[in-house]
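Step one of this worksheet: look at the structure below.
Below, chain A is the first sequence line, B the second, and so on; all start at residue 1.
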Amino acid sequence: MATVAQAIRMALHYGEKNLELKNVFGEDVGPPLGGAFTVTQGLETSWNSPLDERGIVGAAMGLGMAGVRSVAEIQFCDYIYNTIDLLKLAGMQSWASNGDWNLPMTIMTPVGAGIRGSIYHSHSFDAMMTHIPGWKIVMPSTPLDAYGLMLSCLKDENPTMYLMPKALLRFEGKEQIPGEPELTPEGKKQLRQMIDMPILGSEAQKTWKPKWPKLEEFTVEIGKGKITREGEHVTVVTYGRHVHIAGEVADRMAEEGISVEVIDMRTLWPYDWDMISTSIRKTKRVIFLNEDTEVTNFGEHLLRRAIDEFFYELEAKPKLIAGAFVPGVGLADPLEAASVPQALEIENAVRELVGEFA
Amino acid sequence: VASKTSPLKNHSKNVSKNHSGRTAPAASKGGKQKGLKLKTTPAGFEKFHEKSTNGAAPSSEKVSGKFRLPAKQLLQIYDAMIRARILEERLIRMYKQSDGYFWIGGPGEEAFNIPLGLNIKKGQGLDHDFMHFHYRSSGIILSMGADPMDMMRQMKNTATDPYSGGRNFGNHTSIKKWNILPITSTIETQYQTAIGTGIAHRQHGGEGITIVNGGDAGTAEGEFASCLIWASRPKAELPILMIVTNNEYGISTPAATQHGEKHIADRGTAFGIKNRVINGNDVEESWFAIREAMEYVRKERKPFLLEARVSRLYGHSSATGANLVTGEEDALITFEKKLVAEGVMTKKEIDSIREKYTAEFLEMAKKVKEEPMPDGSTIYDHVYKGQKGRYF
């Protein structure tokens, strides 16, 4: 019953021990805090950097070019925007050198709304990031996938962007990470005692050392999605926290006899078009769902491809549900709810699609 | 997509046929010209360095008059300098004859760049130096042993261009086997990536260092400040040799109109980084300053900021005409005059070596013109390591 944050932490520990991970760094990533979201607590190779996002990305690039495996964190994706040209450069090192160089590196950053983070702690980054070639981009929605995707990133020889849905960092999974304690309340407590740092500044924290479980290798292949709900009438393609929101909608709709298939993309680039297209051809109705702003949204690319390839097979117009195209996510509850897709909007869209006959 | 590239291909071919290139004075003599028999690779220097840790002439070596370096070494440096200059002049001609779309390079920086190139610990991996160069570094890379024909290939954007396969401008070199990271057009980002290899060098130990260079205008970018900060973190200093070649211009904008600081190197002082300003048009001053700075970075594992005042002899790039400017010191001529005055070389020998390289590079350029352009179908290759063809 590890949380997503604990799962990532365990994956990084596994990387330190088994995958030559030498540096985990960023703002407040090292002791004493261990990350704004506790993701890097207790790691052996974690350290604090200057408050300099461009320096962080540049350092990760240089380390990668030197063949030294590292994971760098940008504390919130809202602050990664001033590194765009470096992200572009990282994505082109292999291509620009005609294959002479490659760049193994991982950047991880929390994304999205859902924690009442106000204007500058609620941005998404998937639309922007999927516009930068040369990267592999992943976004887990469960602790097990968080663990498996991180291990895959640590084994990849290319730049990898690990987007952490911040609203899910405390989300507990129902699948056991190989090596973690039993998925019971007792096991959950045990894991917390083993790898969660005591309260910052407490006596216990000053001498604390983690006791890592005997973790085992488990990878989620980059580029492979997952069907989290099988269905017949409409496909919802999504990722991150909306996998769960779409799942809840699917469960509710099932009671009405509407069968919704939910695909968790898990990897945004390169994405699992085989899985998506197979599902679209089955249900003949598709909704692309994410919370980034709707204009030049990544879902628009998927929508375009679905139209290009399946226009004559679709039985209803394909649809994109995305965040409002406004500069930020407002803090007040009604503002956030109006800015990012909510369950009701998804439910209405599903009803609309299944009610439509081409 | 293929149709986008094919017109370019045809255009280049036509241009090649219509412009065979000017004939240099000694072209007809070609390889028969006898220049000085000089080694142009750093190999000869390594032996020399074993004798003298600071690069000064050992007592057994003959030193001429006002020079501190022995004649043999001066000749080696001169040979590399004139070779670099003639290469740049050839690249400019290639551009002007439409055998390339854009020229940018470093003529005027040879007196600094050749001593730098000859002192680099060359090789692959962290036991060697990592280089984060900008686009005026041909002299450094050539004196490290690069093939001038490869630089022409990149200028002509042929498929045979080993640095980018015809994808990038000339002087955007990339050589993994020598730790030369791909040179970018983005100003100053090299100071950002230098942090990373600097950390790797610190963690690895040994004597390999990170070397980064750039111009004066680029120091206004935040990356330069980033590098100063990261290189001087307490108890985590990085072995980075930060170099600024100051030609006093950012394209057309005089530095004096944008910068209030007296010396760029002074900025190092605030971070406790050793720094120095030198006359980069003086070969020996550059040689000894580079040796001293490198020695410090290699041994102390701490950063050093070296500002070299240099000339920019052909303007910023082809965007500003790529014509020889007046009013700037030409370090090559300065050095030639001194070599002749001190009896190290004769004017005839200088003319001879110039003719030799002019003819040699003209022949190379002619051959490069006949080499194939990249195929448009290859655009997806190498987006990822080992990637061939379209991947989605």
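- Atom CZ of A:Arg54 sits about 14.5 Å away from atom OH of B:Tyr191, to the nearest 0.5 Å.
- A donor and an acceptor atom, one from each side chain of B:Ser226 and A:Asp52, are located under 3.5 Å apart.
- For NZ of B:Lys302, the number of neighbouring non-hydrogen atoms (other residues, nucleotides, ligands) closer than 6.0 Å is 12 at most.
- Using a 4.5 Å cut-off between heavy atoms, A:Lys88 does not touch chain B at all.
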Item to complete: Test side-chain contact (heavy atoms from CB on, under 4.5 Å) on A:Met65 and B:Thr193 and set out the steps.
Response: CA-CA 9 Å; A:Met65 299 297 262; B:Thr193 52; over 6 Å; no
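- With a 4.5 angstrom heavy-atom cutoff, B:Glu223 touches chain A only via side-chain atoms.
- Between chain B and the residues A:Tyr271, A:Trp273, A:Trp47, the largest count of heavy-atom pairs under 4.5 Å involves A:Trp47.
- At most 12 non-hydrogen atoms from other residues, nucleotides or ligands lie less than 6.0 angstrom from CZ of A:Phe311.
- In A:Tyr120, the OH atom is not crowded: 12 or fewer heavy atoms of neighbouring residues, nucleotides or ligands sit closer than 6.0 Å.
- To the nearest 0.5 Å, atoms CD1 (B:Ile195) and OG (A:Ser49) are separated by 9.5 Å.
- Counting non-hydrogen atoms of other residues, nucleotides and ligands closer than 6.0 Å to NZ of B:Lys177 gives a total of 12 or fewer.
- With a threshold of 4.5 angstrom between heavy atoms, B:Gln203 approaches chain A through side-chain atoms but not through N, CA, C or O.
- Closest of all the heavy-atom pairs between A:Ala66 and B:Thr197 is CB-CG2, 4.1 Å.
- Surrounding CZ of A:Arg304 are more than 12 heavy atoms belonging to other residues, nucleotides or ligands, all under 6.0 Å away.
- Interface remark: B:Ile180 contributes backbone atoms only to the contact with chain A (heavy atom separation under 4.5 Å).
- Top candidate by heavy-atom pairs under 4.5 Å with chain B, chosen from A:Gly99, A:Ala96, A:Gly55, A:Pro104, is A:Gly55.
- Note: B:Lys176 NZ to A:Asp100 CG = 7.0 Å, rounded to the nearest 0.5 Å.
- From B:Thr186, atom OG1 reaches atom CG of A:Asp85 across 6.0 Å, with rounding to the nearest 0.5 Å.
- Between the CG atom in A:Leu86 and the CD atom in B:Gln192 there is a gap of 5.5 Å [rounded to 0.5 Å].
- Proximity to chain B (any heavy atom under 4.5 Å) is restricted, for A:Asn48, to the backbone atoms N, CA, C and O.
- B:Ile199 approaches A:Ala59 most closely through the heavy-atom pair CD1-CB, 4.0 Å.
- Using the six-membered ring where Trp is involved, B:Trp230 and A:Phe25 have ring planes that are perpendicular, over 60° apart on the 30 and 60° scheme.
- Annotation: maximal heavy-atom pairing with chain B below 4.5 Å, among A:Leu103, A:Val68, A:Asn23, occurs at A:Asn23.
- Heavy atoms closer than 4.5 Å to chain A are found nowhere in B:Ile183, neither backbone nor side chain.
- Proximity to chain A (any heavy atom under 4.5 Å) is restricted, for B:Phe130, to the side chain, taken from C-beta onward.
- Taking the six-membered ring for Trp, B:Tyr384 and A:Trp95 have ring centres at least 6.0 Å apart.
- To the nearest 0.5 Å, atom CG of residue B:Asp381 and atom OG of residue A:Ser94 are 10.0 Å apart.
- Ranked by heavy-atom pairs under 4.5 Å with chain A, the list B:Gly386, B:Gly165, B:Pro182 is led by B:Pro182.
- Within the 4.5 angstrom heavy-atom criterion, atoms from both the backbone and the side chain of B:Leu181 approach chain A.
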